[in-house]
Amino acid sequence: MADLEKSIATCCKQLKLSTNFAEQAFEQKGDTPQECLLNLLTNEIEYRTAKRKSKFLNTAGFPRRYRVEEFRTDEIISRKTSASKAC
């Protein structure tokens with residue numbers, strides 16, 4: 001079974017398919033080989049789309065979303081008091 005998995009991974013690399021495709025090959029179910037292949041290809045498209053979106057969002061440089069719990073109000077108050085003392 002390990003040799004079969006290695007062979008599939010090697011073929012995927014030569015075809016420039018992701019390693020996700022090789023991993024999914026053993027998990028997909030289908031009544032016919034064609035259905036199994038269709039399931040594999042559909043999952044690969046979904047995987048690549050999600051990966052591409054994640055990559056685009058990371059490279060876009062959008063500001064990080066902050067939650068109210070993450071703000072440190074004690075720093076804001078201490079800066080105001082130290083700024084007013086400096087004047």
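The figures that follow rest on heavy atoms only: side chains count, while hydrogens, waters and symmetry mates do not. Quick note: residue numbers are just sequence positions, from 1. Please read all numbers here as calculations on a predicted model, not as lab measurements.
Neither L40 nor Y47 shares a network with the other; the hydrophobic side chains, linked directly or stepwise wherever heavy atoms of I, L, V, M, F, W or Y lie under 4.5 Å apart, form separate groups for each.
Remark: T49 pairs with I45, R52, K53 by the side-chain contact (heavy atoms from CB on, under 4.5 Å) rule, at least two apart or across chains. The salt bridge (Lys or Arg N to Asp or Glu O under 4.0 Å) test applied to E44 returns R48, not counting sequence neighbours.
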